[in-house]
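What follows is a set of notes on a single structure, which appears directly below.
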Amino acid sequence: MTRVLLVEDDAMMGQAVKIALSQAGYAVDLIDTAEDAEAALDTTPYDLVVLDINLPGKSGLDMIKGLRRRKKDIPVLALTARDTTKQKVEGFSAGADDYVVKPFDLEELLARLQALLRRSNGRPTPHIKNGAVIIDPAARTVQRNGKPVDLSAREFAVLAILMENLGKVMNKQEIEDKLYGWDIEIESNAVEVHISHLRKKLGDQLIKTIRGLGYVVEKIA
C-alpha cells in the first residue's frame, strides 16, 4: 500500500481523484492548501505527493521549492490546467518529478504514479520478486511458484509494504501508517490478522516476526 498526499483545492476534482486512487489501492489523504499539506508532511510518512500547482495562498510551486530546500526527496507529481512549456519548465526546476495536465485520463495518472514509485524505490521493472513470490503492484497480482494467489486488498497491501522494504523490519505502526488514510478506523489487531492470512496463503516462512520489533520479509535469491 502506498500512502499519497493529494493537494487539490477544487473539491470535485479532489474527491474524484481520491476515489480513483483509493480504488486503485492507495491510501489517500486529501488537503486543499499548501500550508496544511506541509504540516501533514511533517507528521505523516507519505510515499508520494500529488499536487495542484495553482493553489490559493501559497502556490504549489513554492511548496515544492520548500520541500527541496528542506531536503525532502519525496516524489511529487504536479497537476496543472495550463499546458505551457514555460510552466512545465518552472515546475521541473522547482523540483517536481512529473507533470499531468488537466483534464487528464485517470489511467494515465495511475501509470505515472506507478512509474514514479518504481524510480524512487530504485526498481526498474513493475514486478517485485523474492524467491518463489512475485507481486505486480500495478496489476495487484501475486504469484507463488508460478501460480496465482488470491489475496484481499488489505492482504495485498501488507505484502506489498513488506516486499518493497525487503530485509527491513517494519513495526505495526509503520505498516498501519502506510495502510490507512486519516478517515479510516483501524481495528487494534488488523495487521496481525492480515499477516496470519498471508502466512496461510504464502507459507509460514515468507514473513518473519521479530519479537518486540515487528515483521520482515528477508531477501531470497
Side-chain angles (χ1 to χ4, degrees), residues 1-84 87-123 126 137-140 153 156-157 160-161 164 177-184:
M1 177 71 72
T2 298
R3 189 157 185 179
V4 176
L5 178 61
L6 172 61
V7 192
E8 171 62 71
D9 65 306
D10 183 314
M12 289 184 64
M13 171 69 75
Q15 284 298 327
V17 174
K18 180 179 179 179
I19 290 170
L21 295 182
S22 298
Q23 290 176 342
Y26 294 92
V28 185
D29 296 323
L30 174 60
I31 289 178
D32 60 4
T33 69
E35 292 82 359
D36 288 344
E38 288 173 335
L41 284 165
D42 286 338
T43 59
T44 306
Y46 291 102
D47 301 292
L48 187 72
V49 176
V50 179
L51 172 68
D52 184 10
I53 291 298
N54 302 305
L55 294 170
K58 188 173 187 176
S59 73
L61 283 179
D62 287 338
M63 178 181 160
I64 297 171
K65 291 176 183 177
L67 289 175
R68 301 317 184 209
R69 280 197 300 269
R70 301 201 308 274
K71 307 300 182 183
K72 289 185 178 288
D73 58 359
I74 185 170
V76 177
L77 187 146
L79 305 177
T80 180
R82 290 183 285 172
D83 186 13
T84 67
Q87 188 174 51
K88 289 181 179 179
V89 170
E90 288 176 347
F92 286 127
S93 297
D97 297 283
D98 201 357
Y99 244 100
V100 173
V101 178
K102 301 177 183 179
F104 50 81
D105 185 276
L106 287 171
E107 288 189 7
E108 179 186 357
L109 176 64
L110 292 170
R112 287 180 178 274
L113 292 181
Q114 284 293 331
L116 271 182
L117 289 167
R118 287 201 305 273
R119 292 200 296 270
S120 68
N121 291 330
R123 181 162 46 87
R140 302 184 64 74
F156 180 89
I161 290 167
E164 287 173 348
D177 285 345
K178 288 182 174 292
L179 199 59
Y180 301 101
W182 292 334
D183 53 354
I184 304 295

Contact summary for M12 and D10, nearest pair of heavy atoms: N-OD1, 3.1 Å

Flag the pair L6 / V17 as yes when at least one side-chain heavy-atom distance between them is below 4.5 Å, and no otherwise. yes

Sorted by chain and residue number, the ring pair (Phe, Tyr, Trp, His ring centres under 6.0 Å) partners of F104 (sequence neighbours excluded) come out as none

Considering all heavy atoms of both residues, which atom of L61 and which atom of G91 are nearest to each other, and what is their separation? CD2-CA, 3.5 Å

Do the side chains of M13 and K102 get nearer than 4.5 Å, heavy atoms only? yes

Got Y46 and L41 here, is their nearest side-chain heavy-atom distance under 4.5 Å? yes

Can V101 and K88 be said to form a side-chain contact (heavy atoms from CB on, under 4.5 Å), step by step? CA-CA 10 Å; V101 178; K88 289 181 179 179; 3.9 Å; yes

I31 and A40: which non-hydrogen atoms are nearest, and at how many Å? CD1-CB, 3.6 Å

For the backbone of V89 and the side chain of S93, can you confirm whether one donor and one acceptor N or O come within less than 3.5 Å of each other? yes

Do D29 and R3 meet the salt-bridge criterion of a basic N to acidic O distance under 4.0 Å? yes

Worked verdict on L117 versus Y26 for side-chain contact (heavy atoms from CB on, under 4.5 Å): CA-CA 12 Å; L117 289 167; Y26 294 92; 4.0 Å; yes

Which heavy-atom pair separates L51 from G60 by the least distance, and what is that distance? CD2-O, 3.4 Å

With side chains defined as the heavy atoms from C-beta onward, is the minimum distance between V50 and V7 less than 4.5 Å? no

At what distance, to the nearest 0.5 angstrom, does CG of D32 lie from CD of E8? 9.5 Å

With a 4.5 Å heavy-atom cut-off, do L109 and L77 have their side chains touching? yes

Find out whether L113 and L21 are in side-chain contact, i.e. whether some heavy atom of one side chain is under 4.5 Å from a heavy atom of the other. yes

Taking only residues two or more places apart in sequence or in another chain, which ones pass side-chain hydrogen bond (donor to acceptor under 3.5 Å, both in side chains) with D98? R112

Taking only residues two or more places apart in sequence or in another chain, which ones pass side chain to side chain contact (heavy atoms under 4.5 Å, CB included) with N54? D52, T80, R82, Q87

For V28 and K18, which heavy atoms make the closest approach, and how far apart are they? O-CE, 3.5 Å

Going by heavy atoms in the side chains, are Y99 and I53 under 4.5 Å from each other? yes

Test K72 against every option in V49, D42, I64 by the side-chain contact (heavy atoms from CB on, under 4.5 Å) rule and name the one that passes. D42

My understanding is that only residues two or more places apart in sequence, or in another chain, count here; which of them pass side-chain hydrogen bond (donor to acceptor under 3.5 Å, both in side chains) with T33? D36

In this structure, CE of M63 is separated from CG of L55 (nearest 0.5 Å) by 8.0 Å

Can you name the side chain to side chain contact (heavy atoms under 4.5 Å, CB included) partners of A16, sequence neighbours left out? none

Flag the pair D47 / I74 as yes when at least one side-chain heavy-atom distance between them is below 4.5 Å, and no otherwise. no

So the salt bridge (charged side-chain N to carboxylate O under 4.0 Å, His left out) pairs with at least one residue in residues 54-68 (sequence neighbours excluded) are E38-K58, R68-D97

Closest contact, heavy atoms only, L48 versus P75: CD1-CB, 3.4 Å

